[in-house]
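Structure first, then comments.
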Amino acid sequence: MLELSGLHYFESREEANLALKQAIEKNLTDSISERGHASLWASGGETPTEFYKSLSTADIDWSKIVISLVDERCVPPTDEASNERIIRENLLINNAEASEFIPFFHVTPSVEENRERVEQSLRAKVKGALDVVILGMGNDGHVASLFPNAEGIENAVSAENANYTAALFPKIAPHPRISLTLNRLLASRNIYLLVFGEEKLKSLAKAEKEGDEDKMPIRYFLHNNEPKLQIYWAP
């Protein structure tokens, strides 16, 4: 069994989802109590959909929570590839329907103009550190849209980049992307990674070994100590 700080094993995906719901419910409640508001940053994909449905029923003051995305493909929310579509269908329901959602996709002449629109929205509505970030991970070790060798990756992970967002053009995945920058993600108060299956465990084991962060961007998060990445894994 992989011994990795911050890695929590569960016997079933249902157990992992429940434990993550309880942890995030407490994070959001604490943020509202301490600051009067909270923010939740969600990833797309199939892995978290059941978790989102469960979280949407949490008994917290969702009207004080802003929900947005970790990253998005530059496709409309009606597209099958849209992360916004996944969030609207699985998280922005039940009690969580009372939250405010900030989309990443806008109809603009260029990806950069889309990014600028998102940047303006986030700067206007989100103050301070992100409260809760939920990440996924590809088998290649990418998180958000921080793909190895993607066009724009140097800017997205630059220590000098103070923006919320960056535009990326992956070479191994379809669609241009808008992603939160590495600086913004690493400065979050609580960062979670939800992953299922043996292949993801193998990817984490590979990432734990010595190697360049830009080859497997999950390493940026594994090497971050404050906050420590909390990994929820089930078969």
Side-chain angles (χ1 to χ4, degrees), residues 28 37-49 52-53 55-56 62-93 96-138 142-147 149-158 160-188 191 217:
L28 295 174
H37 56 81
S39 63
L40 173 65
W41 303 79
S43 296
E46 291 298 320
T47 296
T49 54
Y52 289 149
K53 290 174 184 176
L55 183 63
S56 74
W62 288 97
S63 67
K64 295 180 179 177
I65 298 174
V66 168
I67 296 177
S68 193
L69 299 164
V70 167
D71 69 319
E72 179 63 286
R73 299 169 180 86
C74 291
V75 296
T78 53
D79 195 290
E80 283 296 309
S82 168
N83 288 341
E84 178 179 339
R85 179 188 61 80
I86 290 172
I87 301 309
R88 288 192 180 279
E89 292 178 358
N90 298 283
L91 178 57
L92 300 178
I93 56 176
E97 193 174 3
S99 63
E100 179 181 5
F101 179 71
I102 305 175
F104 268 35
F105 175 78
H106 299 280
V107 178
T108 58
S110 69
V111 174
E112 180 57 25
E113 288 172 271
N114 186 353
R115 189 203 67 78
E116 290 173 357
R117 287 274 302 274
V118 178
E119 187 75 22
Q120 292 170 3
S121 295
L122 297 183
R123 287 183 177 274
K125 297 182 178 182
V126 180
K127 305 300 180 184
L130 313 183
D131 288 309
V132 177
V133 168
I134 305 165
L135 298 174
M137 181 190 71
H142 85 266
V143 290
S145 280
L146 306 179
F147 282 86
N149 302 315
E151 180 183 339
I153 187 66
E154 294 85 358
N155 174 60
V157 303
S158 170
E160 284 72 47
N161 190 342
N163 287 335
Y164 279 81
T165 57
L168 294 108
F169 302 83
K171 297 178 181 179
I172 60 173
H175 310 296
R177 315 287 179 107
I178 307 294
S179 178
L180 292 179
T181 60
L182 180 65
N183 272 349
R184 189 61 58 175
L185 289 167
L186 292 180
S188 304
I191 309 175

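Annotation: the span from E84 atom CD to S68 atom OG amounts to 9.0 Å, rounded to 0.5 Å. For the atom pair CD (E116) and CD1 (I178), the distance works out to 9.5 Å, reported to the nearest 0.5 Å. Atoms CG and CD1, from L92 and I67 in turn, are 5.0 Å apart once rounded to the nearest 0.5 Å. Going from atom CG of L28 over to atom CH2 of W62 covers 6.0 Å, rounded to the nearest 0.5 Å. Between the NE2 atom in H142 and the CD1 atom in I153 there is a gap of 10.5 Å [rounded to 0.5 Å].
Applying the salt bridge (Lys or Arg N to Asp or Glu O under 4.0 Å) test to residues at least two apart or on different chains, the pairs with a partner in residues 126-136 are R35-D131, D131-R189. The list of salt bridge (Lys or Arg N to Asp or Glu O under 4.0 Å) pairs with a residue in residues 164-181, not counting sequence neighbours, is empty.
For the residue pair S188 and V133, the shortest heavy atom distance occurs at OG-CG2, 3.3 Å. Nearest heavy-atom pair, A187 versus A129, reported as atom, atom and distance to 0.1 Å: O-CB, 3.4 Å. Residues R73 and A81 come closest through the heavy atom pair NH1-O, 2.9 Å. A pairwise comparison of heavy atoms in P176 and V111 identifies CB-CG2, 3.7 Å as the closest pair. Minimum interatomic distance between S179 and S145 (heavy atoms only, all atoms of both residues): OG-N, 3.5 Å. For the pair A144 and L185, the tightest heavy-atom approach, listed with the atom from each and the gap, is CB-CD1, 4.3 Å.
For L186, the side-chain contact (heavy atoms from CB on, under 4.5 Å) test picks out L182, F221, N224, with sequence neighbours left out. Annotation: salt bridge (charged side-chain N to carboxylate O under 4.0 Å, His left out) contacts of R85 (sequence neighbours excluded): E80, E89. Among residues two or more places apart in sequence or in another chain, the ring-ring contact (aromatic ring centres under 6.0 Å, His included) test is passed with F104 by none. Judged as a side-chain hydrogen bond (donor to acceptor under 3.5 Å, both in side chains), and not counting sequence neighbours, N149 has no contacts. Shown here are the side-chain contact (heavy atoms from CB on, under 4.5 Å) partners of E119, two or more places apart in sequence or in another chain: R115, R123, N163, Y164, T165. Partners of N90 by side-chain contact (heavy atoms from CB on, under 4.5 Å), not counting sequence neighbours, listed by chain and number: T49, Y52, K53, I86. In this structure E154 satisfies the salt bridge (charged side-chain N to carboxylate O under 4.0 Å, His left out) test with no other residue, sequence neighbours excluded. When the side-chain contact (heavy atoms from CB on, under 4.5 Å) test is applied to S121, the partners found at least two apart in sequence or on another chain are I102. Looking at residues two or more places apart in sequence or on another chain, you find a side-chain hydrogen bond (donor to acceptor under 3.5 Å, both in side chains) between S56 and N94. Checked against side-chain hydrogen bond (donor to acceptor under 3.5 Å, both in side chains), E97 has no partners two or more places apart in sequence or in another chain.
Using a 4.5 Å heavy-atom threshold, the side chains of L168 and F147 count as separate. With contacts defined as side-chain heavy-atom distances shorter than 4.5 Å, the pair R184/L130 qualifies. Looking at E72 and S82, their side chains come closer than 4.5 Å, going by heavy atoms from C-beta outward. Using a 4.5 Å heavy-atom threshold, the side chains of L180 and L122 count as touching.
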L91 vs L40, side-chain contact (heavy atoms from CB on, under 4.5 Å): CA-CA, chis, key distance, verdict = CA-CA 11 Å; L91 178 57; L40 173 65; 4.1 Å; yes
Report task. Report the C-alpha separation of W41 and D71 in whole Å, then their side-chain angles, then the decisive distance to 0.1 Å, and conclude whether the side-chain contact (heavy atoms from CB on, under 4.5 Å) test is met. Result -> CA-CA 9 Å; W41 303 79; D71 69 319; over 6 Å; no
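With S43 contributing its side chain and I134 its backbone, the two residues share a donor-acceptor pair below 3.5 Å. Counting only distance, with no hydrogens or angles, the side chain of N183 and the backbone of A162 share no donor-acceptor pair below 3.5 Å.
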